[in-house]
Colleague: 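Handing you a structure now.
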Amino acid sequence: LVRFAIEGGPPEPLATVQSWAGGDWSPEDVILFGRVRDGLMQIPAKGGTPVEVTKLDASRGETGHSNPMFLPDGRHFIYMCASTNPANAGIYTGSLDVKPEDQPRNRIVSATENAFYVRDPDASSVGRLLYLRDGVLIAQAFDERALATVGDPVSVAEDVGVGPATYAHVSVSRTGTLAYAAKSETVG
């Protein structure tokens, strides 16, 4: 895992990572990342030894934690949990302040791809959780303090593309600008 200065220069090694399954950089300079078929790890943005944040629970059929995204407080995050049991696959929340074995196991939404969060500039703690369900991009109000959805979900876009490793072709900026790629109709 390396980082590059925006101004240019050589890459700066941060840590040796055997696999990568999405990541995010917090306002508190913590990098949180997933590993293929494993839990989430964290390192300081200046580099160091990766430390475990979540553990897979084999009794729940969990096969991977991936694509974490920090919530605005920089301590809590959302992530995708893949599982052989569909009742356990979906988007979960976690905290850097909780031991890996004590992370909550409350599914926020059922999903098979990663999710995104964007804060509503007009609300103090409620934003929008964006996730895919059957190729449809869904937005649902999400209270970042209660770590829970609020109200009913609404459809934002249809036929949204998905890449390898259940990664939705969606990006959302911290200011709410949304971009996504439609499913390709070309068979190649």
Colleague: Output the distance between atom OH (Y92) and atom NE2 (H65), rounded to the nearest 0.5 Å.
Modeller: 8.0 Å
Colleague: For the atom pair CZ (R128) and CZ (R119), what is the distance rounded to the nearest 0.5 Å?
Modeller: 13.0 Å
Colleague: Any non-hydrogen side-chain atom of L137 less than 4.5 Å from a side-chain atom of L178?
Modeller: yes
Colleague: So how far is it from T149 OG1 to I138 CD1, rounded to the nearest 0.5 Å?
Modeller: 12.5 Å
Colleague: Transitively linked via ILVMFWY side-chain contacts under 4.5 Å: I78 with L96?
Modeller: no
Colleague: Would you please name every residue forming a side-chain contact (heavy atoms from CB on, under 4.5 Å) with S125, sequence neighbours left out?
Modeller: D143, E144, R145
Colleague: If you round to the nearest 0.5 Å, how far is SG of C81 from CG of D57?
Modeller: 8.5 Å
Colleague: Under a 4.5 Å side-chain heavy-atom rule over Ile, Leu, Val, Met, Phe, Trp and Tyr, are V172 and V109 clustered together?
Modeller: yes
Colleague: Where the side chain of D24 meets the backbone of F70, is there a donor-acceptor pair that is under 3.5 Å apart?
Modeller: yes
Colleague: Over all heavy atoms of both residues, which pair between R107 and N88 is shortest? Give the atoms and the distance, please.
Modeller: NH1-N, 4.1 Å
Colleague: As an exercise, state the distance from CD of E62 to OG of S83, rounded to the nearest 0.5 Å.
Modeller: 6.0 Å
Colleague: Does V160 share a hydrophobic cluster with Y117, counting links as ILVMFWY side-chain heavy atoms below 4.5 Å and allowing steps through other members?
Modeller: yes
Colleague: Could you tell me whether the side chain of E113 and the main chain of Y131 form a donor-acceptor pair under 3.5 Å?
Modeller: no
Colleague: Hey, does the side chain of Q103 reach the backbone of S95 with a donor-acceptor pair shorter than 3.5 angstrom?
Modeller: yes
Colleague: Side chains of M80 and I91: closer than 4.5 Å at any heavy-atom pair?
Modeller: yes
Colleague: Measure from the side-chain N and O atoms of R35 to the backbone N and O of V17, and report whether any donor-acceptor pair falls under 3.5 Å.
Modeller: no
Colleague: For residues I108 and F142, determine if any side-chain heavy atom of one lies less than 4.5 Å from a side-chain heavy atom of the other.
Modeller: yes
Colleague: To the closest 0.5 Å, what do you measure between CG (L40) and OG (S66)?
Modeller: 7.5 Å
Colleague: Salt-bridge test for K55 and E101: reply yes if a basic N is under 4.0 Å from a carboxylate O, no otherwise.
Modeller: no
Colleague: How close do G74 and P27 get, heavy atom to heavy atom, and via which atoms?
Modeller: CA-CD, 4.0 Å
Colleague: Does some side-chain heavy atom of S26 sit less than 4.5 Å from a side-chain heavy atom of F77?
Modeller: no
Colleague: Provide the closest heavy-atom pair for I43 versus A15 in the form atom of the first, atom of the second, distance.
Modeller: CD1-CB, 4.1 Å
